[in-house]
Protein chains: 2
Amino acid sequence: MATSEAATRGVSGTGATSAATATAAARLRVAVPSVADRVADELRLQLAEGILLPGARLTESTIAEDLGVSRNTVREAFAELASERLVVRHPNRGVFVASLEPGDIHDVYTVRRTIEVSAIRGGGSPEAVAAVRAAVEEGKLAAAANDDEGLGTANQHFHGAIVALAGSRRLNTIMSQVLAEMRLFFHKATMDANFYSGYLKDNEEICEALEAGELEKAADLLLAYLDRSEDKQAEVHGE
Amino acid sequence: MATSEAATRGVSGTGATSAATATAAARLRVAVPSVADRVADELRLQLAEGILLPGARLTESTIAEDLGVSRNTVREAFAELASERLVVRHPNRGVFVASLEPGDIHDVYTVRRTIEVSAIRGGGSPEAVAAVRAAVEEGKLAAAANDDEGLGTANQHFHGAIVALAGSRRLNTIMSQVLAEMRLFFHKATMDANFYSGYLKDNEEICEALEAGELEKAADLLLAYLDRSEDKQAEVHGE
DNA sequence: AATTTATCGATTGTTCAACAATCCTTCGAT
DNA sequence: ATCGAAGGATTGTTGAACAATCGATAAATT
């Protein structure tokens, strides 16, 4: 059973919602995530970690039991995940972990090309550019430490920072959702030791061009990168 | 009460789910919208028509009664609308019709510039270009008939067709969500007789450039259009 | 034997009712 | 007038129930 070990932790993290914590949260106007949100978070985590593989069925009752919440709450969490395309609803049949088909892969990269290239063409504020640089350095560090997983997240930070150049809240969330979709496939299993390592130099070059204000060059490099990346993906997964 | 007259129709549209209809649907594998979906549709309609104005509060119980459904179902519909940003959840306070602030308007236009301009730069298939042309003609027709509302929808079809040039399912849904967000403000009240009429010629020009394969020119025209449109919006709605 | 038709079990879709938690407002005290 | 304490209303969450639907198994037909 996929969600087995989650039973012990439950949806905790907030653990016992003591009165003290609750009032403190209210006073500080800190948004306390609802139970449904925490369930969605837990599932998102399991999806990202590859515990739940594409195509797997998510049964309401079992997840409700495993996480110690009501079926209705699980249902709300499902709605959230479905809106992010991480999960697909088959009416009267259940929800399944989304599985990207070849066409979807191309589609995702189309979105990325559109948003990322446009963002980098816009330049962005010095702080935003600094964030891109930071992601590059983060990647170098991870590479030095032979931290494959860290390399992956650094790469995602890099592309997130690129989109952030545009300074648009909506584009940011769109991008993070797209990246979440892709994470369904970038599991440890999928990526071998030097899956990302080749991209390190690309990121560096793109960042340098960006810092130098050579936006068109940066855009071209990024575009080439994305095309190559898509090819690699199409190669690995089906067809 | 905002949802008053909806009480009579309820969430109908499927009306009596007769056995005949149900089995026919099953045989034809036609996806029958769930009750929650129909509730969401009804609310989306009321939002688009300006029956529910930005900032208005949506109380679960009253909507549940008005539409003759359970509170839980209304809740699911809310989740759907919230994921589309048509509605905002204030934890423990309720959901409210989203109201775009000046910053949001700029943000929305940033998304549109990113996606639409990129799409038009890509060119697109002949059929996709034909769809753009069709939207232009639709607008002319509406203008000839003095149909302001038709003019508005034609304009939306035009921009939808532009995005469709990219042939990306995800970009299409993103665009339609953005347009839905904007509809919250383009009510009959907001637009006077010749609000869209000025855009007719713009659309025509853009379409012609597109048909002629002058993609960069088309992109420039579109960009100028969007900038002007944003200014106009910012002018109307507080600074 | 292969295909169709019933039957059954399991799961989803939806409703209802209850309760705790939280917020807003009103009221009262200082 | 400010502050704080009830009170009421609404949301968040649960639990149980039931109809509708699907998939698979078993039976019946050709």
Side-chain angles (χ1 to χ4, degrees), chain A residues 1 3 10-12 14-42 56-82 87-96, chain B residues 1 3 10-12 14 16-40 42 56-82 87-96:
Chain A
M1 179 170 310
T3 57
V11 179
S12 66
T14 308
T17 306
S18 73
T21 316
T23 56
R27 195 178 302 129
L28 296 170
R29 303 281 153 184
V30 172
V32 165
S34 73
V35 176
D37 286 333
R38 295 203 299 270
V39 170
D41 285 343
E42 173 64 27
R57 179 175 188 176
L58 301 182
T59 310
E60 293 183 357
S61 45
T62 61
I63 291 184
E65 290 174 17
D66 286 353
L67 299 175
V69 300
S70 151
R71 237 186 84 205
N72 259 320
T73 302
V74 172
R75 201 153 237 281
E76 280 198 45
F78 280 172
E80 210 173 313
L81 297 176
V87 124
V88 177
R89 273 197 126 108
H90 288 231
N92 287 317
R93 290 176 33 73
V95 314
F96 300 79
Chain B
M1 177 173 311
T3 58
V11 178
S12 66
T14 307
T17 305
S18 71
T21 317
T23 55
R27 195 176 302 128
L28 296 170
R29 303 282 154 183
V30 172
V32 167
S34 74
V35 176
D37 286 333
R38 295 203 299 269
V39 170
E42 173 64 26
R57 179 175 187 176
L58 301 182
T59 310
E60 293 182 357
S61 46
T62 62
I63 291 184
E65 290 174 17
D66 285 353
L67 299 177
V69 300
S70 150
R71 239 186 84 205
N72 258 322
T73 303
V74 172
R75 201 154 239 281
E76 279 198 47
F78 281 172
E80 210 173 313
L81 297 176
V87 122
V88 178
R89 273 198 127 107
H90 289 231
N92 288 317
R93 290 178 31 74
V95 315
F96 300 80

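Protein chains get the first letters and strands the later ones, always in sequence-line order, with residue 1 at the start of each.
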Visitor: Please tell me if B/R93 has a side-chain N or O lying less than 4.0 Å from either OP1 or OP2 of C/dC24.
Guide: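 It does, given that an N or O in the side chain of B/R93 lies less than 4.0 Å from OP1 or OP2 of C/dC24.
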Visitor: Would you name the heavy atoms of B/D37 and B/E80 that are closest together and state the gap between them?
Guide: OD1-OE1, 2.9 Å
Visitor: Answer yes or no: does a side-chain N or O of A/S61 lie under 4.0 Å from OP1 or OP2 of C/dA10?
Guide: no
Visitor: Which comes earlier along DNA chain D counting from the 5' end, the contact point of A/S70 or that of A/N92, where each point is its nearest nucleotide?
Guide: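 It is A/S70, whose closest nucleotide lies nearer the 5' terminus.
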Visitor: Tell me the interatomic distance from A/L58, atom CG, to C/dT11, atom C1', rounded to whole angstroms.
Guide: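 Atom CG in A/L58 sits about 13 Å away from atom C1' in C/dT11.
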Visitor: In whole angstroms, how far is the P atom of D/dT11 from the NE2 atom of B/H90?
Guide: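 Between P of D/dT11 and NE2 of B/H90: 13 Å.
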Visitor: Output the rounded distance in Å from CG (B/D37) to C1' (C/dT14).
Guide: 13 Å
Visitor: Taking for each residue the nucleotide of DNA chain D with the nearest heavy atom, is it A/R71 or A/A36 whose nucleotide lies nearer the 5' end?
Guide: A/A36
Visitor: Given atom CD of A/E60 and atom C1' of D/dT21, what is their separation to the nearest angstrom?
Guide: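 Atom-to-atom, A/E60 to D/dT21, this comes out as 14 Å.
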Visitor: Roughly how many Å is it from CZ in B/F78 to C1' in D/dG12, rounded to a whole number?
Guide: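 That distance rounds to 14 Å.
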Visitor: Which pair of heavy atoms, one from B/A77 and one from B/A36, lies closest together, and at what distance?
Guide: CB-O, 3.6 Å
Visitor: Just wondering, do A/V74 and A/R71 contact through their side chains at under 4.5 Å, heavy atoms?
Guide: no
Visitor: From the list D/dG15, C/dT11, D/dG12, which nucleotide is the closest neighbour of the side chain of A/N72?
Guide: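 Between D/dG15, C/dT11, D/dG12, the one nearest the side chain of A/N72 would be D/dG15.
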Visitor: Taking atom P of C/dT15 as reference, at what distance in whole Å does atom CZ of A/R75 sit?
Guide: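 From A/R75 CZ to C/dT15 P: 11 Å.
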Visitor: Within this structure, what is the CZ-to-C1' distance between A/R57 and D/dG23, rounded to whole angstrom?
Guide: 9 Å
Visitor: For B/R93, does its backbone N or O pair with a side-chain atom of B/R57 as donor and acceptor, under 3.5 Å?
Guide: yes
Visitor: Between atom CD1 in A/I63 and atom P in C/dA10, what is the gap in whole Å?
Guide: 19 Å
Visitor: Evaluate the criterion side chain to side chain contact (heavy atoms under 4.5 Å, CB included) for residue pair B/I63 and B/L58; output intermediate values, then yes/no.
Guide: CA-CA 7 Å; B/I63 291 184; B/L58 301 182; 3.8 Å; yes
Visitor: Are any of B/S34's side-chain N or O atoms less than 4.0 Å away from OP1 or OP2 of C/dT14?
Guide: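 True: B/S34 side-chain N/O within range (under 4.0 Å) of C/dT14 OP1/OP2.
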